[in-house]
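Everything below concerns the one structure shown next.
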Amino acid sequence: MTVEIAKTLEDRSEFSFRWFAERPIYVNYNNSFVDRTLPVVPNAKIGDIACGTGIISNRIFSHYQKAQQEAEIIGIEPNTAALVDVRQNVPSSQKIRTVFIEGTAADFINFVEPNSLDIAYFCNAIHEISKEEDKLASLVAIYRTLKPCGKLFINSAFTQEMFPDRTMLVQWARLRQRAMEILGKSRDKGKPGFGVYATEYYAALLTSAGFVVKNINKTLVEVDSDDIRAISKYDTYIDGQLMDMQNSEKFTLRQKSDALLQAIDDSEEQLRKTSGDQNAVLRLTRNWVEIEAEKAAA
């Protein structure tokens, strides 16, 4: 499986998750996720794995600041461009210390003492880890850092339950198909597509890592055409959408991103023609799956 991921800091800045991470829908959903799940524990030590540009860490900081409780937030992120952002976006204070480290989820145990975290968040990221053994290694590393009875919260918008109904599945699929048509290609059935797994699969992985799964929830989120345009500028999404296209590897990230953006424009133009409303905006829904897991008591 060959995926073209931007390597340089310049490319990472251009084809960055930042564009989507700044969208109100993403910020509001993830803030809500933290609001609904975060326990405020005195003197807490909290991990933000795959912290990105800092949405989760910022919300955690706000909760502990409001509660006037001391805490330490430790984030880890492999994307160097995102690390620049998170270090600017998330403050520290006398009571709340924040530190952000370059590395993957599986590296987390190399920077954090075993059995030291009260809470961990692993948000919007586990679906990007392609190999099952690497997903499991990431969960095992997080498990080792948590105290007994420590909490882990995971979410993902890329599971087999992401489409609330067949209509939404078809509409999302049409965007992908149209992007391939723009590039003059079609799907290569001999190529593997982006791996999308059922929630039960992730629950089983968590159990294999030692966790007890406590709760599974789905939150329905509506995204508009500008939200989809923003995620279509993110390197991992670009190649995930088109990795099973004929000769996908021969096209640059720029070409593929432009095709995805044109597909959105075409779909919105068709919507306006069909509805007779020149101000109509393409709106699609998607499920974010949320899992709460806990490390067993000692």
Problem set entry | Sole candidate of H127, E161, E128 that passes side chain to side chain donor-acceptor pair (under 3.5 Å) when paired with S156 |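 Only one option passes, and that is H127.
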
For this session: Assess R23 against Y29: is NZ or CZ under 6.0 Å from the centre of the six-membered ring, and within 45 degrees of the ring's axis?
Result: no

Nearest heavy-atom neighbours spanning [X] and [Y]:
| X | Y | value |
| --- | --- | --- |
| L38 | I60 | CD2-CA, 4.1 Å |
| S232 | L261 | CB-CD2, 4.0 Å |
| P91 | N89 | CD-O, 3.7 Å |
| I56 | V34 | CD1-CG2, 3.7 Å |
| G54 | V90 | O-CG2, 3.7 Å |
| D226 | D224 | N-OD1, 3.0 Å |

Do the side chains of [X] and [Y] get close enough for a salt bridge, i.e. N-O under 4.0 angstrom?
| X | Y | answer |
| --- | --- | --- |
| E181 | R178 | yes |
| R229 | D265 | yes |
| D244 | R176 | yes |
| R97 | E72 | yes |
| K45 | D118 | no |

hydrophobic_cluster_shared for [Y] and [X], side chain cutoff 4.5 Å:
| X | Y | value |
| --- | --- | --- |
| I119 | I154 | no |
| M162 | V170 | no |
| I55 | V223 | yes |
| F163 | V196 | yes |
| I76 | L83 | no |

Looking only at side-chain N and O atoms, does [Y] offer a donor or acceptor that is under 3.5 Å from a partner on [X]?
| X | Y | answer |
| --- | --- | --- |
| N30 | N155 | yes |
| T98 | S92 | yes |
| S57 | Y121 | no |
| N217 | W288 | no |
| T145 | E113 | no |
| E222 | T285 | no |
| D266 | Q270 | no |
| N124 | Y26 | yes |

Quick check for you: to the nearest 0.5 Å, what is the distance between [X] atom [atom1] and [Y] atom [atom2]?
| X | Y | atom1 | atom2 | result |
| --- | --- | --- | --- | --- |
| I264 | D227 | CD1 | CG | 10.0 Å |
| D107 | I49 | CG | CD1 | 11.5 Å |
| D258 | L183 | CG | CG | 9.0 Å |
| L206 | K295 | CG | NZ | 14.0 Å |
| L136 | S208 | CG | OG | 6.0 Å |
| K147 | S116 | NZ | OG | 7.5 Å |

Just by distance, do the side chain of [X] and the backbone of [Y] share a donor-acceptor pair under 3.5 Å?
| X | Y | answer |
| --- | --- | --- |
| S275 | L271 | yes |
| E294 | G150 | no |
| T207 | A203 | yes |
| Q255 | T252 | yes |
| N247 | K250 | no |

Exercise. If you count the non-hydrogen atoms of other residues, nucleotides and ligands that lie under 6.0 Å from CZ in R36, is the total more than 12?
Worked result: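 It does: R36 CZ has more than 12 such atoms within range.
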
Exercise. Is the number of heavy atoms from other residues, nucleotides or ligands under 6.0 Å of R144 CZ greater than 12?
Worked result: no

For this session: Give the intermediate values and the outcome of salt bridge (charged side-chain N to carboxylate O under 4.0 Å, His left out) for residues E292 and K214.
Result: CA-CA 6 Å; E292 175 190 347; K214 305 295 286 186; over 6 Å; no

Problem set entry | Derivation and outcome, side-chain hydrogen bond (donor to acceptor under 3.5 Å, both in side chains), residues T219 and E290 | CA-CA 8 Å; T219 295; E290 305 161 355; 2.9 Å; yes

Counting C-beta onward and ignoring hydrogens, is there a side-chain heavy-atom pair between [X] and [Y] closer than 4.5 Å?
| X | Y | answer |
| --- | --- | --- |
| N287 | V221 | no |
| V281 | R283 | yes |
| L152 | F122 | yes |
| K135 | K131 | no |
| R18 | Y234 | no |
| E77 | F100 | no |
| V213 | I291 | yes |
| L242 | M180 | yes |

For this session: Take the angle between the ring planes of Y197 and Y201 and call it parallel below 30°, perpendicular above 60°, tilted in between.
Result: parallel

For this session: Not counting sequence neighbours, list each pair that qualifies as a side-chain hydrogen bond (donor to acceptor under 3.5 Å, both in side chains) and has a residue in residues 60-71.
Result: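 For residues 60-71: D35-H63.
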
Exercise. Given the rule in the side-chain contact (heavy atoms from CB on, under 4.5 Å) test, do K256 and D239 qualify, once you have shown the distances and angles that lead to the verdict?
Worked result: CA-CA 8 Å; K256 288 186 276 193; D239 274 306; 2.4 Å; yes

Exercise. Would the F194 and Y237 ring centres measure less than 6.0 Å apart?
Worked result: no

Exercise. Taking the six-membered ring for Trp, are the ring centroids of Y143 and F211 within less than 6.0 Å of each other?
Worked result: yes

Exercise. Given W172 and L284, is the side-chain contact (heavy atoms from CB on, under 4.5 Å) satisfied, shown in steps?
Worked result: CA-CA 8 Å; W172 282 99; L284 302 178; 3.7 Å; yes

Exercise. E249 and K191: salt bridge (charged side-chain N to carboxylate O under 4.0 Å, His left out), yes or no, with the steps?
Worked result: CA-CA 12 Å; E249 66 281 356; K191 279 187 173 182; 2.9 Å; yes

Problem set entry | Criterion side-chain contact (heavy atoms from CB on, under 4.5 Å) on V99 and F111, from CA distance to verdict | CA-CA 11 Å; V99 60; F111 299 100; over 6 Å; no

